[in-house]
Amino acid sequence: MSNFLLEIVTPERKVYADHANMIIVKGVAGELGILPNHIPLVTPLKVAPITIKKDGKNEQIAVNGGFMEVRKDKVVILAESAELPGDIDVERAKAAKERAEKRLGSKQDEVDFRRAELALQRALTRIDVAGKK
Ligand code: ATP
């Protein structure tokens, strides 16, 4: 089956560098499936799990915002943070979820509200990905 090179990079480290047959990501305009020979494209990504299809298996990675660049020869995801299922501390994500929900439930300014929403989304993405390993 044809494939392409996928790299997922954060400011801290390279999280993933391997071949994939297809990936499914959540762009700001909706879900996108990327197959080999896709036209070049750059899109911001939502905080959401991405799915990697490789050799008949599906793998998920928690990708916490950033950009995807589809190039001729490879796909690069530059994420603010990203974790493989086995690297996720579920208790930490649950605690972050509770903190965020508490903040969302109390009255506060818009900036803090948006921050709490994003923190909640990161926590839910991590819990989701860790649950599927
Ligand atoms: P917390 O409030 O628990 O720090 P956060 O969403 O604010 O969560 P980030 O700023 O997105 O955390 O990430 C900071 C660093 O910690 C990144 O390297 C990220 O990969 C890592 N990280 C955050 N939460 C977890 C988790 N539950 N399990 C493993 N690594 C995590």
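Heavy-atom basis, side chains included; hydrogens, waters and symmetry copies ignored. Just so you know, ligand 1 is whichever comes first in the structure, and atom 1 is the first atom listed for that ligand.
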Quick one: which of [options] gives a side-chain contact (heavy atoms from CB on, under 4.5 Å) with [X]?
{"X": "N64", "options": "Q121, K46, R122", "value": "R122"}
{"X": "I77", "options": "T10, V15, V9, L6", "value": "L6"}
{"X": "L32", "options": "I24, V25, V70, I23", "value": "V25"}

**Report entry** Proximal ligand 1 atoms for I88, defined as those under 4.0 Å from one of its heavy atoms
**Finding:**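 Ligand 1 atoms under the 4.0 Å threshold to I88: 28 (N), 29 (C).
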
Report summary line: Candidates E80, R126, R99, K97; heavy atom nearest atom 11 (O) of ligand 1 found on R126

Query - atom 9 (P) of ligand 1: any protein heavy atom closer than 4.0 Å - result: yes

Protein contact of [atom] - nearest heavy atom, named by residue and atom, plus distance:
{"atom": "atom 29 (C) of ligand 1", "answer": "D87 O, 3.1 Å"}
{"atom": "atom 14 (C) of ligand 1", "answer": "R92 NH2, 4.1 Å"}
{"atom": "atom 18 (O) of ligand 1", "answer": "E12 OE1, 2.9 Å"}
{"atom": "atom 27 (N) of ligand 1", "answer": "D89 O, 2.9 Å"}
{"atom": "atom 17 (C) of ligand 1", "answer": "S81 CB, 3.9 Å"}
{"atom": "atom 7 (O) of ligand 1", "answer": "R122 NH2, 3.2 Å"}
{"atom": "atom 19 (C) of ligand 1", "answer": "E83 OE2, 3.2 Å"}

Query raised in the report: Do the side-chain N and O atoms of R13 and S81 include a donor-acceptor pair separated by under 3.5 angstrom?
Result: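 Result is no, nothing qualifies.
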
**Report entry** Nearest-0.5 Å distance that lies between atom CD1 in I52 and atom CD in E59
**Finding:**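 If I round to the nearest 0.5 Å, the distance is 5.0 Å.
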
